[in-house]
Amino acid sequence: MHIACRSGVFCGRPDAGWWRFVGFATLVSSVAFGALGFLVLNGTHSPSAPVGALALGGGALLVVPLALLAAAFLTGTLRREDEADEGAETPSRTPVNAVDTSGVVDGATALVNVHVRLDEVVDDQWKMVVRDTEAWAMAVVDLVNRLHETSCVCMEKVAVLGPERERSHDELVAESAALIEVVKGFHTALVSDIGEILSQIQYQDVVRQRMERASVAIAQRNKLLLELPQSLQGDAEAMTGLAARLTLVLDEYVASELRHAPCDEQHGGLPNIELF
Amino acid sequence: MGRTILIVDDSSLMLWTVNSTLHMAGFVVEKAEDGVVALNKLKGGLKPVLIITDINMPHMGGIELIQNVRAMPGLRFIPILAMTTESQAEKRAEGKKAGVTGWLVKPVEASQLLAVIKQVLPA
């Protein structure tokens, strides 16, 4: 606690002004007492007037500072100085500071908790992405395998229609019709399987959007964390306000993920295809 | 020449995959990367038999596009399918209010998409 000297009344820690006042008062009083002693003794025509003046002046030089210190003790100035020193060493002991500090700590704790929670939620999303992309990759592999099997079956059917033996015209017409049916069937299967593979590629868009949403939430979180040093210097309200804003970022992110959650029709959810 | 379907999506990959699926099914496909581009194509005289649109897009989203299309005299009754990752009831209700014909949550299997198209398009 800084204590200043106001209108000659000392309050709190004696500062440079206080000591200047002591020095000035001592000097003035020494000169005044010395001059007074000289005039008085000179008026009596005493030959020891200069010595007496010096003695009085010197006496004042000793007495005045001591008197001022005694007055300071009596008025409590130096006692308050001790209290001020104690206060300076442990400012949190004062009730006002204790409330402020605990508020900032509470706010910081809330902030850290939300920060950790957001990380956990995003981490869960990453794990889901890893699991889903693995499943989608396996689905594509299955489709490619199915495509290969369809192709093999088609080739076997065509091989039966090979040119190893002589045929009549009617047989050739019938074989041509059968060949066309095989090719048509293969085309249909090919289109269907390629269509399903293309559908699987749509998952990239789903994952991209999921990652973009997480990325936005993390960017908002980081922007708020840049305000942390300022909030630490501020009051408890600034810190709890920061925690509240981060909670909002988390809530918005969770709500956004819910809006984009896969449909779970089997468990009473909405269908993934709905016609109105 | 096959019937034209307009697909609107800001994801080039989605445009490519849906285009391939529809093309293999015999449709002619027109592509637009957002609602503004789609609307300009429609105002420019494009007459699709169906519009398939994403919902969350830059410049103009799917809901706004649907509202604009429904306000165009020649396209008031054209079927419009929303194909989106938005799965919740609130957004569906918003789409329904705007005049969407059907709601498909991505990813949609090709067979499902073609079945829905068959259902909403007049023979």
Side-chain angles (χ1 to χ4, degrees), chain A residues 125 128-129 132-133 135-140 142-143 146-147 184 186-214 216 252 254-276, chain B residues 7 9-27 52 54-58 66 79-121:
Chain A
Q125 284 296 319
M128 278 170 65
V129 165
D132 290 351
T133 48
W136 300 331
M138 292 305 290
V140 171
D142 281 347
L143 285 165
R146 201 168 77 191
L147 204 61
K184 273 184 179 174
F186 181 62
H187 176 259
T188 305
L190 200 65
V191 166
S192 170
D193 286 349
I194 290 174
E196 294 314 317
I197 290 171
L198 290 172
S199 306
Q200 295 297 324
I201 293 172
Q202 287 177 36
Y203 280 105
Q204 189 275 345
D205 191 48
V206 177
V207 171
R208 174 186 63 83
Q209 290 188 36
R210 201 184 281 177
M211 294 183 94
E212 279 176 359
R213 288 192 294 273
V216 166
E252 280 176 1
V254 171
S256 171
E257 282 309 313
L258 277 175
R259 282 202 306 275
H260 295 86
C263 296
D264 191 4
E265 208 171 347
Q266 287 179 335
H267 297 92
L270 292 165
N272 73 323
I273 294 175
E274 190 177 6
L275 293 177
F276 302 118
Chain B
I7 51 175
D9 203 307
D10 59 326
S11 161
S12 53
L13 190 76
M14 278 304 295
L15 286 177
W16 181 75
T17 54
V18 177
N19 172 49
S20 302
T21 303
L22 298 179
H23 184 72
M24 283 193 293
F27 292 101
I52 300 173
D54 188 13
I55 292 297
N56 298 314
M57 291 180 290
I66 295 164
I80 303 175
L81 297 175
M83 200 153 95
T84 174
T85 53
E86 295 267 5
S87 56
Q88 293 299 293
E90 295 80 19
K91 206 73 179 179
R92 291 184 196 219
E94 208 181 322
K96 193 176 172 182
K97 194 179 170 190
V100 74
T101 313
W103 197 269
L104 292 83
V105 179
K106 291 177 188 174
V108 182
E109 289 178 17
S111 55
Q112 288 178 318
L113 177 63
L114 294 173
V116 171
I117 290 173
K118 196 175 174 184
Q119 216 172 330
V120 298
L121 279 185

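Side-chain atoms are counted along with the backbone in the values below, which use heavy atoms only and exclude waters and symmetry mates.
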Note to self: Please classify the contact between A:Glu196 and chain B as side chain, backbone, both or neither, with a heavy-atom cut-off of under 4.5 Å.
What the structure shows: both
Note to self: At a heavy-atom distance under 4.5 Å, which candidate from B:Glu90, B:Arg92, B:Met83, B:Gln119 has the highest pair count against chain A?
What the structure shows: B:Arg92
Item checked: Atom group of B:Val100 that falls short of 4.5 Å from chain A, counting heavy atoms -> both
Note to self: Heavy-atom cut-off 4.5 Å, strictly under: side chain, backbone, both or neither for A:Ile194 against chain B?
What the structure shows: both
Check: Do A:His260 and B:Asn56 come close enough that some side-chain heavy atom pair is under 4.5 Å?
Finding: yes
Checklist line | Test salt bridge (charged side-chain N to carboxylate O under 4.0 Å, His left out) applied to A:Glu257 - qualifying residues, sequence neighbours left out | finding: A:Arg213
Check: Can you tell if the side chain of B:Ile7 reaches within under 4.5 Å of the side chain of B:Leu22, non-hydrogen atoms only?
Finding: yes
Notebook entry, point to check: For A:Arg210, is it the side chain, the backbone, both, or neither that has a heavy atom closer than 4.5 Å to a heavy atom of chain B?
Noted result: neither
Check: Out of A:Arg208, A:Gln209, A:Glu274, which one racks up the most heavy-atom pairs below 4.5 Å with chain B?
Finding: A:Glu274
Note to self: So which residue, B:Thr84, B:Leu81, B:Thr101, ends up with the most heavy-atom pairs under 4.5 Å with chain A?
What the structure shows: B:Thr101
Item checked: Heavy-atom check, side chain of A:Val191 versus side chain of A:His187, under 4.5 Å -> yes
Notebook entry, point to check: Using non-hydrogen atoms only, which part of B:Leu104 is less than 4.5 Å away from chain A: side chain, backbone, both, or neither?
Noted result: both
Notebook entry, point to check: Considering only heavy atoms from C-beta outward, does the side chain of A:Val207 approach that of A:Gln204 to under 4.5 Å?
Noted result: no
Check: Hey, are the side chains of A:Val140 and A:Tyr203 touching, using non-hydrogen atoms and a 4.5 Å cut-off?
Finding: no
Checklist line | Region of B:Val108 that comes under 4.5 Å of a non-hydrogen atom in chain A | finding: both
Notebook entry, point to check: Between B:Trp103 and A:Leu270, is any pair of side-chain heavy atoms under 4.5 Å apart?
Noted result: no
Margin query: Please classify the contact between B:Lys106 and chain A as side chain, backbone, both or neither, with a heavy-atom cut-off of under 4.5 Å.
Written below: both
